[in-house]
Structure formats: structure tokens, C-alpha cells
Amino acid sequence: YLWDVDKFIPRAITIKREYETITVALRGEIFDEQRHIVLTQVKAVTYHKFSITEDQGQMKAVFIVDM
């Protein structure tokens, strides 16, 4: 959505977990065709084989993207 609407390119992500709440912050910039090259665009993220698991205090997310 951020790419399609605002041409936003994320460069850093911060994830904070407190109890049952996950907060995600993205830092980045707006696409500039003079500085950035788009090789492949993601069409969609699917729920196929989607999972979020926790192992020894580490969270792991698995998802598939259509290109």
C-alpha cells in the first residue's frame, strides 16, 4: 500500500512487542527515479502458508509474496 499510494521505500524497521501487542515502525523515503532502481515489484502478499511462531523468545513470520 505504501508503495502503490505514496511510492514509499522502507529502509529500516523497528518491531516492539509488549504482551499481546506488536508495534512496527518503518523508516525510509519516497521513491526518486534519479536515485532508485526498481527491479521487481511485489504484486501481493498471500495468506498461503502464513504463520507467526515464537521460539525461545524470538518471533518468526513466514509469508509468501506474488511477483
Are D66 and T46 close enough that some pair of their side-chain heavy atoms sits under 4.5 Å apart? yes

Neighbour count above 12 (heavy atom, 6.0 Å) for F63 CZ: no

Does atom CD of E54 have more than 12 heavy-atom neighbours from other groups under 6.0 Å away? yes

Working for side chain to side chain contact (heavy atoms under 4.5 Å, CB included), residues L2 and L26: CA-CA 11 Å; L2 293 174; L26 294 173; 3.8 Å; yes

Same cluster (ILVMFWY, side-chain, under 4.5 Å), V65 and V38: no

So, for I52 and M59, which heavy atoms are closest and what is the spacing to 0.1 Å? CG2-CE, 3.7 Å

Measure the OG1-CD distance between T53 and Q58 for me, rounded to the nearest 0.5 Å. 10.5 Å

Could you pull out the closest heavy-atom pair between F8 and R27, with the gap in Å? CZ-C, 3.9 Å

Side-chain heavy atoms under 4.5 angstrom apart, residues restricted to Ile, Leu, Val, Met, Phe, Trp, Tyr: same cluster for V5 and I30? yes

Check: D32 side chain, Q34 main-chain N or O, donor-acceptor pair, under 3.5 Å: yes

Return the CD1 to OH distance between I64 and Y47, rounded to the nearest 0.5 Å. 13.5 Å

Minimum side-chain heavy-atom gap D55-K60 below 4.5 Å: no

Tightest non-hydrogen contact, residues R17 and Y19, listed as NE-O, 3.8 Å

Does the side chain of T14 come within less than 4.5 Å of V24's, by heavy atoms? no

